[in-house]
Every structure is written in structure tokens, then in C-alpha cells.
There are 2 protein chains.
Amino acid sequence: MTFIDESIQILKRESYKITGPRRAVLEVLAEAEIPLSAYDIEEHIPENIPINVVTIYRVLEVFEKVGIIHKIHTKEGYVRCDFEKQKGCHSFAVCSECGRSKEFVQKECKLETQLPQKLVYKSLSHISEISGLCKQCA
Amino acid sequence: MTFIDESIQILKRESYKITGPRRAVLEVLAEAEIPLSAYDIEEHIPENIPINVVTIYRVLEVFEKVGIIHKIHTKEGYVRCDFEKQKGCHSFAVCSECGRSKEFVQKECKLETQLPQKLVYKSLSHISEISGLCKQCA
DNA sequence: TTTTAAATATAATAATATTGCATTTAAAAT
DNA sequence: ATTTTAAATGCAATATTATTATATTTAAAA
Ligand SMILES: [Mn+2]
Ligand SMILES: [Mn+2]
Ligand SMILES: [Zn+2]
Ligand SMILES: [Zn+2]
């Protein structure tokens, strides 16, 4: 199952329409090697079928909501979800130089359980990103 | 030792000048309850001694570099460092509603050691933020 | 007090994000 | 197939956030 096919399946299940702009953004993200911003994506869309950047912002909002993309905070961009790692903690290793990133699952994520009780935050979600140099940039 | 005094000490040790704008930003951050952006900080500076927002950007850059503030990625703002927790992993619990955040140390942060070897990222640093609702917002 | 590199202010520009509204369209209903 | 309609998009305007270049000021050392 490809990223695009699985994403379309999820969008349909969540009652979102499969539109040209959404397909186009999926195709860009499917090929991307690094996190992309809305404007980055706009630049990667084929010139013959341009898509307004406002639409891209709205598409990304939906994609993130249904869980087919992740925001990489240390690079201010989005990457496709690695669906094989869907069950875990959605942690990322991000190259501080070029931005290449890989999702990985922590066998035993103690983060939420180690949250001191006195902070009284009722945990809802968490992000973990490790920055470093990838093979190419090292 | 207050946040301001300890920060000034660190800035001097790193050979940065102690200027009016830097003191003013320290004072704002010392009082802040939530992460503040450069423009947020500008608004909190006393009207009689306004500071250009460009300067605030540059001040924040220095402050982050010397380790007296942290960027909260889930809220796009900065908070003062809790120096008592300097040795740990600089993890944060952040209220998704109001932004109130608290630094905390994971007794045993396995994040970097659990990074799969095949990712070949040579780890340099990492961020961990837990989102949830604080006492007031819950 | 003088000197000087560092820091700041100002102005301009760039980059990123949001809003309201008219128009188009995917998908369901007929 | 055709019609229907809520959802999605395009467009224009605006808002917000961030960066750059350069002249001026200033903290701290000499
Ligand atoms: Mn994931
Ligand atoms: Mn810290
Ligand atoms: Zn790299
Ligand atoms: Zn709160």
C-alpha cells in the first residue's frame, strides 16, 4: 500500500473529498525527502496545474488532522506519515543541516509516565525530535 | 539567585554586553507565565523605553545560544530556562490551551539511546514537549 | 576620557499565514 | 445521465512574522 493510496483511503473514511489539489499535494509529499512548508509545496506542484497557496494551507490542515502527515517542529515543515510506525510515539530524527528526517518508534517511551505528577498536566500528546547530522551531511 | 542575575552572569561569562534592551527582555521573560514571541515581548516592554522588534529578535537569538531561554515549539515562543533543571533533558509540559509550560527532567531519558542505529543520525540535541491541559484549563 | 567593537534603530523588504467572499466541483441523490 | 448541494477552491486583501543593510549609538576596555 503506497502512501498516496493509504492517505486517500483515510480521507474517504473521514468523509473528505478526493480533489485535484489534495492529490497533487499528496504526490509532492510522497516524493519529498525533507520537510516542506506550504510555499515549498506550491513550488513543487506542476506548473500546468497551479494550486493556490491558501488551498495548500487548508489541505495541510486537513492532512494533519486525519493523521497522514506530521509537522516537523525543528524545521517548520511537513512530512508524510510512515504508516508502518503508526502505533508508536511518532518520534523523529531530523538532520539539522538538510532536514532529512525519519520517523522512529521508541520501544519503551517513558516520557508520559515520567511526567512529574505535580505538574498536573493531563497529557494529550507529545512530540520528540532528535536533531543531528545525517549520513550525507556528517 | 534570580533568573535575571543568573542570566547576566552567563552573558558576561560569554562576553556579551549587558545592554538596556537585553535587561528589558530579561525582565519581561522573568515575569512571563507563557511562551512569548518577539512581538509578544515588544508589547510587554514599558512604553517609555520602546525597543525595536529587530533588536528583540537578535537578543532572543543570543539568549537561546547561551542557554538562558528555551524555544517552545508547540507554541512558537520562548520561555526562561529553569536553571535548577539545567542538567537534564530540557523537556517541557505545555498547556495546549493557554501555553503555560514547565520544564522537567526525565530521570532516565532513553530517547537518544533508543534511536535506531540504522538511522545513522549522530545525535546532537533533542526536544521533547508534552501537550495537555494545565490545572486552570482542565 | 578616549577608543572601538558590539549592539541598536530605522527603513525596507521578504516570508509566512489568515480572512471573507464568489465560484467551482466531488460525490450523493434522483 | 442529470441534478443537487455541501464542501472545497481561487482570488484579493490583509495580517503576522522574520530578515537584511546601513547609519548611529553605546558598553566596556584601554
Ligand atoms: Mn506517525
Ligand atoms: Mn533548560
Ligand atoms: Zn543532512
Ligand atoms: Zn492552560
Side-chain angles (χ1 to χ4, degrees), chain A residues 4-5 7-28 32 34-66 68-69 71-79 99, chain B residues 4-5 7-28 32 34-66 68-69 71-79 99:
Chain A
I4 293 177
D5 288 341
S7 295
I8 288 175
Q9 199 176 37
I10 292 171
L11 286 167
K12 283 182 175 168
R13 194 183 65 217
E14 302 290 328
S15 307
Y16 287 100
K17 292 180 180 176
I18 307 306
T19 67
R22 284 178 182 161
R23 281 182 193 279
V25 173
L26 285 177
E27 277 159 21
V28 170
I34 59 175
L36 301 179
S37 69
Y39 283 89
D40 292 336
I41 290 169
E42 186 188 34
E43 289 178 355
H44 284 77
I45 299 279
E47 295 148 7
N48 50 322
I49 48 146
I51 295 171
N52 196 286
V53 73
V54 176
T55 299
I56 297 177
Y57 273 102
R58 293 190 276 225
V59 166
L60 290 174
E61 194 179 10
V62 168
F63 284 8
E64 193 179 25
K65 185 153 58 185
V66 302
I68 63 183
I69 63 173
K71 182 173 193 175
I72 300 299
H73 291 76
T74 44
K75 286 289 174 180
E76 289 296 291
Y78 293 88
V79 296
Chain B
I4 293 177
D5 288 341
S7 296
I8 288 174
Q9 200 177 37
I10 292 171
L11 286 168
K12 283 182 175 167
R13 194 183 65 217
E14 303 289 328
S15 307
Y16 288 99
K17 293 180 179 175
I18 307 307
T19 66
R22 284 177 181 162
R23 281 183 193 279
V25 173
L26 285 178
E27 279 160 21
V28 170
I34 59 174
L36 300 180
S37 69
Y39 283 89
D40 291 336
I41 291 169
E42 186 187 34
E43 288 179 356
H44 284 77
I45 300 279
E47 295 148 9
N48 49 322
I49 49 145
I51 295 172
N52 194 286
V53 73
V54 177
T55 298
I56 298 177
Y57 274 102
R58 293 190 275 226
V59 167
L60 290 173
E61 194 179 9
V62 168
F63 284 8
E64 192 178 26
K65 184 151 61 185
V66 302
I68 63 183
I69 63 173
K71 181 173 193 175
I72 300 298
H73 290 77
T74 44
K75 285 289 175 182
E76 288 296 290
Y78 294 88
V79 296

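Residue numbers start from 1 in every chain, and the chains themselves are labelled A, B, ... in the order their sequence lines are given, proteins ahead of strands.
The two residues A:Gly99 and A:Pro35 make their nearest non-hydrogen contact at O-CD, 2.9 Å. Shown here for B:Ala24 and B:Ile51, the closest heavy-atom pair between the two residues is CB-CD1, 3.4 Å.
Atom-to-atom, CG of B:Leu11 to C1' of C:dA6 comes out at 13 Å; the value is rounded to the nearest Å. One atom, CD of A:Glu14, and another, C1' of D:dA8, lie 17 Å apart when rounded to the nearest Å. Following rounding to the nearest Å, A:Lys65 (NZ) and D:dA8 (C1') show an atom-to-atom distance of 13 Å. As rounded to whole Å, 11 Å separates atom P of D:dC11 from atom CD of A:Glu42. Here D:dT25 presents its P atom at 19 Å from CZ of B:Arg22, a figure rounded to the nearest Å.
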Each nucleotide N or O in nucleotides 26-28 of chain D that has a protein N or O under 3.5 Å away: list the pair and distance.
residue, atom, partner, partner atom, Å
D:dA27, O3', B:Ile18, O, 3.4
D:dA27, N3, B:Lys17, NZ, 3.2
D:dA28, OP1, B:Ile18, N, 2.8

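With hydrogens and angles ignored, a donor-acceptor pair under 3.5 angstrom links the side chain of A:Tyr39 to the base of C:dA17.
Residues meeting the side-chain contact (heavy atoms from CB on, under 4.5 Å) test with B:Lys17, sequence neighbours left out: B:Thr19, B:Arg22. Under the rule for a side-chain contact (heavy atoms from CB on, under 4.5 Å), the partners of B:Ile34 that lie at least two apart in sequence or sit in another chain are B:Leu36, B:Arg100. In terms of the side chain to side chain donor-acceptor pair (under 3.5 Å) criterion, A:Asn52 has no residue partners (sequence neighbours excluded). Among residues two or more places apart in sequence or in another chain, the side-chain contact (heavy atoms from CB on, under 4.5 Å) test is passed with A:Glu43 by none. Checked against side-chain contact (heavy atoms from CB on, under 4.5 Å), B:Thr74 has the following partners two or more places apart in sequence or in another chain: A:His73, A:Ile127, B:Ile72, B:Val94, B:Glu129, B:Ser131. For A:Thr55, there are no side chain to side chain donor-acceptor pair (under 3.5 Å) partners, not counting sequence neighbours.
Mapping A:Pro21 and B:Glu76 onto DNA chain D by nearest heavy atom places A:Pro21 at the nucleotide closer to the 5' end.
Here B:Glu42 contributes atom CD and B:Ser37 contributes atom OG; the two are 9.5 Å apart, rounded to the nearest 0.5 Å. How far CD1 of B:Ile69 is from CG of B:Leu26: 9.0 Å, rounded to the nearest 0.5 Å.
Listed in residue order, the members of residues 48-63 of chain A having a heavy atom less than 4.0 Å from DNA chain C are A:Val54, A:Tyr57, A:Arg58.
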Query - Base-pairing string, 5' to 3', of DNA chain D - Watson-Crick or wobble, under 3.5 Å, | interstrand - result: ||||||||||||||||||||||||||||||
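Side chains of A:Arg58 and A:Val54 form a contact here, defined as non-hydrogen atoms less than 4.5 Å apart.
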